[in-house]
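Shown next, in structure tokens, is the structure this report addresses.
Keep in mind that what you see is a predicted model, and the values were worked out from it rather than measured. To find a chain, count down the sequence lines: A is the first, B the second, and so on, and within it residues start at 1.
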Amino acid sequence: MTHGIVDVANFYVSAERLFDPSLRGVPVIVLSNNDGCAVARSEEAKALHVRMGEPVFKIRDRIKRHGIQLRSSNYELYADLNRRFNAVIAEHTDTVEIYSIDESFYRAPTLHNGLGDVEAAHRLREDILRQVGLPTRIGLGPTRTLSKVANALAKATEKVWGGVVDLHDTELRRRLFEQWPIGEVWGIGSALEARLHPLGIRTTADLAAMPPAVARDVGTVVLERLVRELGGIECADFKVEPDALKATAVTRQFGEPVKTLDELGEAMARRAARAAEKIRAQGLVASRLIAFAHGSRYRPNPPSASRSARLSPPTNDPRVILRIVGQMTEAIFQPGGVYTKCGVLLEDLTPQGQGQADLFATVDPRAPALLAAMDGLNSRFGRNTITLAVQGHGAKAFDTKRSQKSPAWTTRISEIPVAR
DNA sequence: TCTGGGGTCCTAGGACCC
DNA sequence: TCTGGGGTCCTAGGACCC
């Protein structure tokens with residue numbers, strides 16, 4: 001068995017460069033929501049030591065001195081490009097598993113008869129570059145974990161090996177693992193790294209040599225599986241069909257801090273309405289609702305509170321959800337508090353019309369038609385064409401800032417590029 | 001002044017049951 | 001002094017990922 005993983009190099013930056021040639025060859029960073037942190041960096045920006053997740057205000061001088069270009073996140077664009085490069089992968093294999101916005105697993109052999117896995121991977125990279133314009137790297141291995149490690153090694157060795165690394169060969173694994181720190185391995189975060197170091201486990205070779213029972217003892221069954229996978233034994237499922245969504249969240253920092261119950265109520269209602277919209281789009285209903293609001297953790301004694309409730313019967317009706325969120329907001333709000341973020345989570349999601357009916361609840365028989373009409377209008381004429389009154393209307397100071405956003409080049413007819 | 005958002009999985013421990 | 005045993009279910013919290 002061969003597992004492959006394709007990842008797009010510096011995806012958000014590569015996406016921005018696709019439609020804005022002035023960004024090519026210069027340092028670029030793409031910012032998180034609210035234009036707060038660097039979440040993607042071009043190679044030139046990495047060379048200037050801009051770190052992942054670094055707050056923008058801390059690197060203002062470097063941005064100015066080196067002319068680093070900034071862009072707000074443009075998720076419509078990234079989601080559309082994700083669809084496009086996965087369509088190319090699907091031309092090569094019928095086993096694509098979309099893993100994240102910029103990575104997809106697949107299984108070899110691909111549909112190229114007679115080509116070796118490595119040769120076919122090079123062909124796939126070329127096709128994605130030619131058809132979509134995005135640079136990628138591919139890792140191959142007998143397990144998903146090994147393909148992820150191979151992918152990381154493909155980044156590090158791109159100049160030598162051309163962006164494809166295959167870790168089937170145990171001798172090659174042995175050699176490379178000696179040099180590869182465990183913190184770089186998929187599944188080893190800072191906490192596990194800190195527990196493993198005192199045990200003398202520092203390289204991937206050390207990790208792969210751990211007896212599985214010891215791994216389980218030090219960590220959990222997750223670490224045990226990771227160690228087995230490093231040894232070439234498959235423990236993870238491959239899923240062409242994505243699992244149904246189990247929970248969803250809409251949480252945002254405010255553009256400007258919020259100090260009144262009215263504003264917090266509107267901000268909370270907007271997030272709740274968006275969360276309900278998201279699960280309706282998937283035909284799901286929620287059984288559990290959580291709302292929270294808090295101040296800045298970088299300030300002394302920030303306000304912070306949350307409330308949760310069961311939804312019975314499970315629902316995706318914004319009228320029901322917003323009413324409960326409104327009550328929760330009143331319970332959460334502390335007068336005098338300065339709030340910087342709030343959010344709504346919907347959990348225990350199940351397919352609509354499948355759950356047990358609630359004996360004592362009355363369900364509005366007209367709701368499906370009403371909600372379908374709402375969603376139809378908002379999808380046709382743009383988000384928030386029609387909303388519930390408690391969401392307020394128009395742009396507000398507390399809305400998320402995206403001051404450097406590029407146009408929706410590929411998904412909105414009014415914003416497509418013009419060629420002269 | 002300014003510090004992202006959205007997921008999944010696992011475990012420990014409490015509540016409850018017979 | 002001595003105070004059962006074995007389950008299930010739920011939740012909070014931690015860890016990880018991109």
Problem - Within 45° cone of A/F292 ring axis and under 6.0 Å: A/R307 NZ or CZ - result: no

Handout entry: Touch class at under 4.0 angstrom, heavy-atom based, for A/V221 against every strand present
Key = sugar-phosphate

Problem - Carboxylate-amine/guanidinium contact A/K155 A/E43, below 4.0 Å - result: no

Exercise for the section: Could you tell me whether A/R107 sits above the aromatic face of A/F238, with NZ or CZ closer than 6.0 angstrom to the six-membered ring centre and within 45 degrees of the axis? Expected result: yes

Practice task
Give A/K278 one of three labels, base, sugar-phosphate or nothing, depending on what nucleic acid heavy atoms sit under 4.0 Å from its own.
Solution key: sugar-phosphate

Handout entry: OP1 or OP2 of B/dT1 under 4.0 Å from side-chain N/O of A/R60
Key = no

Exercise for the section: Looking at every strand, decide which applies to A/E103 at a 4.0 Å heavy-atom threshold: base, sugar-phosphate, or nothing. Expected result: sugar-phosphate

Practice task
With rounding to the nearest 0.5 Å, note down the distance linking CD1 in A/I138 to CD1 in A/I128.
Solution key: 6.0 Å

Exercise for the section: For A/L192, report the nucleic acid contact type (base, sugar-phosphate, nothing); a contact means any heavy atom under 4.0 Å. Expected result: sugar-phosphate

Practice task
Just call it for A/T248: base, sugar-phosphate, or nothing, with non-hydrogen atoms closer than 4.0 Å on any strand.
Solution key: sugar-phosphate

Completion exercise
A/L346 atom CG is separated from B/dG7 atom P, nearest whole Å, by 10 Å

Handout entry: Among C/dC18, B/dG7, C/dC16, the nucleotide that comes nearest once only the side chain of A/A191 is considered
Key = C/dC16

Problem - Integer-rounded Å distance: B/dT1 P and A/I59 CD1 - result: 18 Å

Problem - Between C1' of B/dT8 and CH2 of A/W186, the distance in whole Å - result: 11 Å

Exercise for the section: State yes or no: are the ring centers of A/W186 and A/Y99 separated by less than 6.0 Å? Expected result: yes

Problem - Nearest atoms (heavy-atom pairs only) where A/P302 meets A/G295 - result: CB-C, 3.7 Å

Problem - A/E256 CD to B/dT3 P, straight-line distance once rounded to whole Å - result: 10 Å

Completion exercise
In whole angstroms, the gap separating P of B/dT3 from CG of A/L70 amounts to 16 Å

Practice task
May I ask you to say what A/I101 touches in the nucleic acid, namely base, sugar-phosphate or nothing, with a heavy-atom cut-off under 4.0 Å?
Solution key: nothing

Practice task
Answer yes or no: does a side-chain N or O of A/R225 lie under 4.0 Å from OP1 or OP2 of C/dC16?
Solution key: no

Practice task
Give a yes/no answer on whether the side chain of A/T251 brings an N or O atom under 4.0 Å of OP1 or OP2 in B/dG4.
Solution key: no

Handout entry: Phosphate contact (B/dC2 OP1 or OP2) by A/K401 side-chain N/O below 4.0 Å
Key = no

Fill in the blank from the handout: Winner on side-chain proximity to A/T220, out of B/dC10, B/dT8, C/dC18, is B/dC10

Practice task
Indicate, with a heavy-atom threshold strictly under 4.0 Å, whether A/D35 touches base, sugar-phosphate, or nothing.
Solution key: nothing

Exercise for the section: Verify the neighbour count for atom CZ of A/R65: are there more than 12 heavy atoms of other residues, nucleotides or ligands below 6.0 Å? Expected result: yes

Handout entry: Side-chain N or O of A/R252 closer than 4.0 Å to phosphate OP1/OP2 of B/dG6
Key = yes

Practice task
Could you tell me whether A/E97 and A/R144 make a salt bridge, using a distance below 4.0 angstrom between a side-chain N and a carboxylate O?
Solution key: yes

Exercise for the section: Examine B/dC10: is either OP1 or OP2 under 4.0 Å from a nitrogen or oxygen in the side chain of A/R216? Give yes or no. Expected result: no

Handout entry: A/A249 side chain, from C-beta outward: closest of B/dG7, B/dG4, B/dC10
Key = B/dG7

Exercise for the section: Write down the distance separating the P atoms in C/dC18 and B/dT3, rounded off to the nearest Å. Expected result: 25 Å

Exercise for the section: Return the 5'-most residue of the pair A/K239, A/Q253 with respect to DNA chain B, ranking by each residue's nearest nucleotide. Expected result: A/Q253

Exercise for the section: Would you mind classifying the nucleic acid contact of A/N33 as base, sugar-phosphate or nothing, using non-hydrogen atoms under 4.0 angstrom? Expected result: sugar-phosphate

Exercise for the section: Could you check whether A/V185 gets within reach of a base, just the sugar-phosphate, or nothing at all, counting any heavy atom under 4.0 Å? Expected result: sugar-phosphate

Problem - A/Y298 ring over B/dT3 six-membered base ring, under 5.5 Å and 30° - result: yes

Handout entry: For atom CG of A/L349 and atom P of B/dT8, their distance in whole Å
Key = 8 Å

Practice task
Please determine if a side-chain N or O atom of A/R51 lies less than 4.0 Å away from the OP1 or OP2 oxygen of B/dT3.
Solution key: no

Practice task
Counting Watson-Crick and G-U wobble pairs only, both distances under 3.5 Å, name the nucleotide matched with B/dT11, or none.
Solution key: C/dA12

Completion exercise
Between A/D243 and A/P257, the residue closer to the 5' end of DNA chain B by nearest nucleotide is A/P257

Exercise for the section: Have a look at A/R195 and say if it touches a base, only the backbone sugar-phosphate, or nothing, with a 4.0 Å heavy-atom cut-off. Expected result: nothing

Problem - Sugar-phosphate, base or nothing in reach of A/R288, heavy atoms under 4.0 Å - result: sugar-phosphate

Handout entry: Phosphate OP1/OP2 of B/dC9: any A/K246 side-chain N/O under 4.0 Å
Key = yes

Practice task
Using a 4.0 Å heavy-atom cut-off across all strands, classify A/R299 as base, sugar-phosphate, or nothing.
Solution key: sugar-phosphate

Problem - Residue-phosphate contact under 4.0 Å: A/K341 side-chain N/O, B/dG5 OP1/OP2 - result: yes

Practice task
Mind checking A/S190 for me? I need base, sugar-phosphate or nothing, with any heavy atom below 4.0 Å counting as a touch.
Solution key: sugar-phosphate

